[in-house]
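A quick write-up on the structure given underneath.
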Protein chains: 2
Amino acid sequence: MSLSQLEYFVVVAEEEHLSRAAKRLHVSQPPLTRQIRALEDELETKLFERTPRGMRLLPTGVRLLEHARGILNAVERARMDLRVGLPRDPAR
Amino acid sequence: MSLSQLEYFVVVAEEEHLSRAAKRLHVSQPPLTRQIRALEDELETKLFERTPRGMRLLPTGVRLLEHARGILNAVERARMDLRVGLPRDPAR
DNA sequence: TCAAATTACGGTCGACGTAAGGATC
DNA sequence: GATCCTTACGTCGACCGTAATTTGA
C-alpha cells in the first residue's frame, strides 16, 4: 500500500469510473487499473465490482475509502504542521 | 513523502543512530541516509542534527515523529479493518 | 458497435547494495 | 585508527504511457 495508491483509490471511488478518475488525476487509465488491482491483491479483497458502465464500490471499498481519506488528511496535516515558521503551541 | 520513508524515519528517530536503524530495518545505511535527506528536502526542514556519535532529533523531527506514528498506525488500522471476516459494526 | 476496463510492451525513473570517501573523536 | 554518515556507481524492479485486446449491453 502506498500513498499514491490511496490517492488513486479515493478518486476512483468517488467517480466510480476509471477514465474520469484518470482525467482528474492527470494519468492514463492503465496505471489506475493496475494500482487498484495491486491494492486489491495486497489486501486480498475486492474493492470494486466491474461493470460495463464503470466501477461500483463494494462495501469493503466503502470502508477503505474512510480509512484512505483519514490517512491522506493526516499526511496533509503533517505537511502543514511542518511548514516553516509554525510555532510549537501558540495557544497554551 | 512515502510510507516507507516514514517507517525509516521513525526507526532512525527512535535509535538516533543510522547503522542501528539500518539493522532493525534490514536495509543498508545508504538508503537510510538518502531517504531521510529526501524527506528533509521535500519538507524543507532539517529533522536531525548529525553528530559524530549519531543523529540527534531536532524539534521539528519530534513533531514529525508524532505525525508519522499516527499515519503508520492509521495504515495498520486500515489493514486490520479490511482483513476478511470483520463485521461492520459489532457493538452498535 | 460503442464505451468501458484490461493486458502487452517498451522506456524511464527510483531505490537498493557494494564500495569508496570524508569527518570527528 | 575507529566509527560514524555520505557520495559514487552499477543493477534491478516499479511505474508510466501508447497501443492493442477483451468484455458486456
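Computed from a predicted structure; not experimentally measured. All heavy atoms count here, side chains included; hydrogens, waters and symmetry mates do not.
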So what does S19(B) hit on the nucleic acid, given a heavy-atom distance under 4.0 Å: a base, only sugar-phosphate, or nothing?
-> sugar-phosphate

On DNA chain D, nearest-nucleotide positions of P30(A) versus T51(A): which is more 5'?
-> P30(A)

Report the residue (H17(B) or S2(A)) whose heavy-atom-nearest nucleotide on DNA chain D is the more 5′ of the two.
-> H17(B)

Heavy-atom pair with the smallest gap, counting every atom of A22(B) and S28(B) = CB-C, 4.0 Å

When the distance from CG of L25(A) to P of dG17(D) is rounded to whole Å, what number comes out?
-> 11 Å

Under 4.0 Å: is that the gap between some side-chain N or O of Q29(B) and OP1 or OP2 of dT7(D)?
-> no

Please check if atom CZ in R53(B) has more than 12 non-hydrogen atoms from other residues, nucleotides or ligands closer than 6.0 Å.
-> no

So what does Y8(A) hit on the nucleic acid, given a heavy-atom distance under 4.0 Å: a base, only sugar-phosphate, or nothing?
-> sugar-phosphate

Got a second to check how far R50(A)'s CZ is from T33(A)'s OG1, nearest 0.5 Å?
-> 7.5 Å

Residue pair D81(B) / R63(A): nearest heavy atoms and the distance that separates them = O-NH1, 2.7 Å

Closest approach of A38(B) and Q5(B), non-hydrogen atoms and distance?
-> CB-NE2, 3.7 Å

Give the rounded distance in Å between these two atoms: CG of L18(A) and P of dC16(D).
-> 13 Å

Describe the nucleic acid contact of R34(B) in one word from base, sugar-phosphate, nothing, applying a heavy-atom distance below 4.0 Å.
-> base

Span of DNA chain C, from the first to the last nucleotide whose atoms fall under 4.0 Å of chain B heavy atoms | dA15(C) to dC25(C)

hbond_proxy R50(A) side chain to dG24(D) base (donor-acceptor, 3.5 Å cutoff) = no

Is there side-chain contact between E42(B) and M1(B), with heavy atoms separated by less than 4.5 Å?
-> yes

